[in-house]
Structure formats: structure tokens, C-alpha cells
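To keep things clear, I will list the structure first and then write my remarks on it.
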Amino acid sequence: MVIYVDMLLIVNGWVDFLLLLLVRRMAATGTPGRRLVWGALLGAAGSLILLLPALPVWITAPCKLVTAALMVWISFRWEGGRLFIRRLLLLFGVSAGLAGLCAALYYYVAPPGLYVFNGQVYYAVPPLWLVALTGLCYGLMRLWDWVVRRRAPAGREFLLSLTVGHHTVRVDCLYDSGNHLTEPFSGCPVVVIDRGALAGLLPLPTVEELPAGWRLIPYDSVGGSGVLPAFVPDGMTVFTPSGHRELPRCYVAVCDRLGRGEYRGLLGTALSDYLT
């Protein structure tokens with residue numbers, strides 16, 4: 001079998017980028033896409049081990065572990081060892097899932113053509129086929145993640161502290177399992193806050209006059225659809241029955257009114273892991 005180095009790098013870079021996108025989605029972390037690109041390039045470079053002479057598992061396995069760890073370290077901000085290990089395990093999980101889905105689909109739609117060497121898998125399949133298969137598998141895994149990945153926290157009401165500069169406000173929030181809002185470009189979680197609860201924190205613009213650094217968050221609800229102006233505060237802390245936790249980079253979307261006044265903010269599924 002002839003292995004083309006350029007195609008090996010391109011295909012592995014594409015697949016690694018999709019894997020890191022899935023990890024970013026499942027870990028609900030806001031990290032720029034360019035960092036994922038660098039992580040994917042490192043993963044693609046690691047696939048070159050396939051070109052070396054046959055190596056024992058006790059050499060290839062640590063190499064793959066180190067490569068995966070470096071991919072996670074490059075792609076995501078350091079927020080402590082616990083979150084780093086969690087993202088690393090997510091990367092291993094989605095890698096296994098995506099590889100299994102691709103192998104199953106390729107088995108049923110085309111003749112078999114897999115080449116495994118030094119712990120690396122090379123698909124003897126036209127590049128466009130592989131791009132289409134991985135894209136389809138990525139969509140299926142995103143759908144699975146959307147349907148079952150989030151569980152409702154034990155307590156549904158939380159106190160959220162927001163800080164901008166020297167000003168801090170505390171907002172009573174409700175966990176809403178139907179709130180799946182994320183910022184479209186970064187994938188950061190979005191918290192929806194009543195405009196009145198933020199009045200003492202910073203000047204609040206309208207959608208028509210958006211200052212620099214603000215974003216428009218599209219939403220679709222039972223009451224209609226539209227966009228909400230959103231900003232990133234300097235700090236966010238959520239108080240739960242078991243204590244308080246600093247939240248990762250989040251956008252705060254400003255709306256005119258929430259519910260009947262019994263709560264002033266909505267926390268969504270992208271933050272559920274921080275609420276349990």
C-alpha cells in the first residue's frame with residue numbers, strides 16, 4: 001500500500017479538528033477556533049509515526065498519550081488539572097466513537113480498506129469520501145450530545161455573582177434545560193439576564209447601537225426568535241448548595257424581561273457540569 005504523506009497530514013488534521021470541536025462542545029469551554037487549529041496540526045504531525053518501522057505497543061501507546069495531552073494543552077486554556085484530565089478523557093472518548101462510526105459506515109458503503117500500523121489507522125479511501133464520512137459522524141455525535149449529554153442539576157435555583165470592573169451584582173437564576181444557547185463563533189456558554197438586574201453593573205446598549213466587544217446572540221423560543229446583545233463580564237461565580245464555583249468564560253445576554261419576576265436570569269445546559 002502506498003501512503004501519501006500530504007494526504008495523511010491533511011486527513012488527520014481535518015479529523016483532529018472535528019474531534020477538538022466535539023470536545024469544546026461537550027466541555028462547554030469557550031476557546032478560539034485558532035487554538036483548535038494548532039491542536040489539530042499537532043495531532044496531524046503525530047500521525048507521522050505510521051511511517052516509522054514497526055514499534056512495540058509500549059512505545060506507541062505513550063506517544064499517543066503524550067500527543068493527545070499536548071493537543072488538549074494547546075487547544076484549551078489551563079483551568080486546573082481536573083478540567084484538563086476531563087477534556088483529555090473526552091478526547092479519547094470522541095476519538096473512539098468517531099473511529100467506530102467511520103469504520104462502520106465505510107464497511108457498509110464501500111469495500112474494506114483499513115491499514116493499522118504503529119497504533120495509527122490509515123483509511124485507504126478517497127479523501128473526499130473520508131471528509132464526508134467524518135462530517136456525517138461529527139453531525140451524528142453532535143446530535144447525540146444534544147439529546148442526552150446534559151442532565152438537570154439537583155437544585156434548579158442558583159445565585160450568580162457578576163463582576164465588571166469594581167462593580168458586582170448578584171442575580172437569582174433558574175436552571176433551564178431548554179436553554180442551549182452558546183456564542184456562535186467561540187462556543188462559549190450564554191447566560192440570559194434581565195436588563196433590570198444589570199442596571200447597576202454597566203451601561204446597557206440596544207441591539208441597534210452595539211459597542212465594541214459585544215456580540216449578538218441569536219435565539220429561538222416559543223415566544224419568537226431574534227437576537228440579544230451580550231458581553232463577557234470580568235468574573236462570574238455561581239453559588240450552589242455545595243459551595244461556590246468560578247465559571248469559565250461566558251457571555252451574558254441581556255433581555256428585557258424574564259418570567260414573572262421570580263427569577264432574573266437563566267442558566268443553560270452548557271453550564272450544567274458546573275452546577276452539579
Side-chain angles (χ1 to χ4, degrees), residues 12-13 15-47 49 57-102 118-121 134 137-138 141-142 144-155 158 175 180 182-183 186-189 191 232 235-250 267-276:
N12 277 275
V15 173
D16 288 336
F17 181 70
L18 290 184
L19 293 173
L20 292 170
L21 275 178
L22 280 170
V23 172
R24 185 178 76 173
R25 169 69 177 177
M26 294 179 175
T29 178
T31 189
R34 63 180 179 275
R35 295 193 65 163
L36 302 186
V37 172
W38 285 112
L41 290 175
L42 175 65
S47 68
I49 193 175
V57 175
W58 61 269
I59 292 180
T60 58
C63 288
K64 296 181 71 173
L65 178 61
V66 170
T67 300
L70 289 175
M71 288 173 62
V72 172
W73 181 70
I74 290 175
S75 300
F76 304 102
R77 297 189 306 274
W78 177 260
E79 297 179 276
R82 177 177 173 273
L83 288 179
F84 175 81
I85 293 174
R86 180 174 181 270
R87 291 162 185 167
L88 182 60
L89 293 176
L90 278 175
L91 179 59
F92 283 130
V94 296
S95 298
L98 192 65
L101 280 173
C102 284
N118 282 341
Q120 293 292 325
V121 178
T134 52
C137 292
Y138 173 79
M141 294 182 74
R142 278 291 299 268
W144 174 263
D145 174 58
W146 180 78
V147 172
V148 303
R149 74 183 171 94
R150 299 297 180 191
R151 62 190 185 276
F158 301 90
Y175 174 81
H180 307 293
T182 56
E183 201 276 323
S186 65
C188 290
V191 177
V232 178
M236 297 182 68
T237 303
V238 63
F239 294 85
T240 71
S242 60
H244 65 277
R245 296 189 64 180
E246 296 292 328
L247 293 182
R249 177 182 170 90
C250 294
L267 302 171
T269 56
L271 290 171
S272 65
D273 284 346
Y274 293 88
L275 307 179
T276 52

How many angstroms lie between atom [atom1] of [X] and atom [atom2] of [Y], to the nearest 0.5 angstrom?
X: L41; Y: L36; atom1: CG; atom2: CG; value: 11.0 Å
X: L267; Y: L247; atom1: CG; atom2: CG; value: 7.5 Å
X: L88; Y: F76; atom1: CG; atom2: CZ; value: 10.5 Å

side-chain contact (heavy atoms from CB on, under 4.5 Å) evaluation trace for M71 with L19: CA-CA 11 Å; M71 288 173 62; L19 293 173; 5.9 Å; no

Kindly give the heavy-atom pair with the smallest separation between [X] and [Y], and that separation in Å.
X: L91; Y: L20; result: CD1-CD2, 4.3 Å
X: S75; Y: G39; result: OG-CA, 3.4 Å
X: W73; Y: R35; result: O-NH2, 3.7 Å
X: V191; Y: M236; result: CG2-CE, 3.9 Å
X: Y175; Y: G268; result: CE1-O, 3.6 Å
X: T182; Y: P189; result: CG2-CA, 4.4 Å

Beyond-backbone contact of E183 with V232, side-chain heavy atoms, under 4.5 angstrom: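 No; the side chains remain at least 4.5 Å from each other.
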
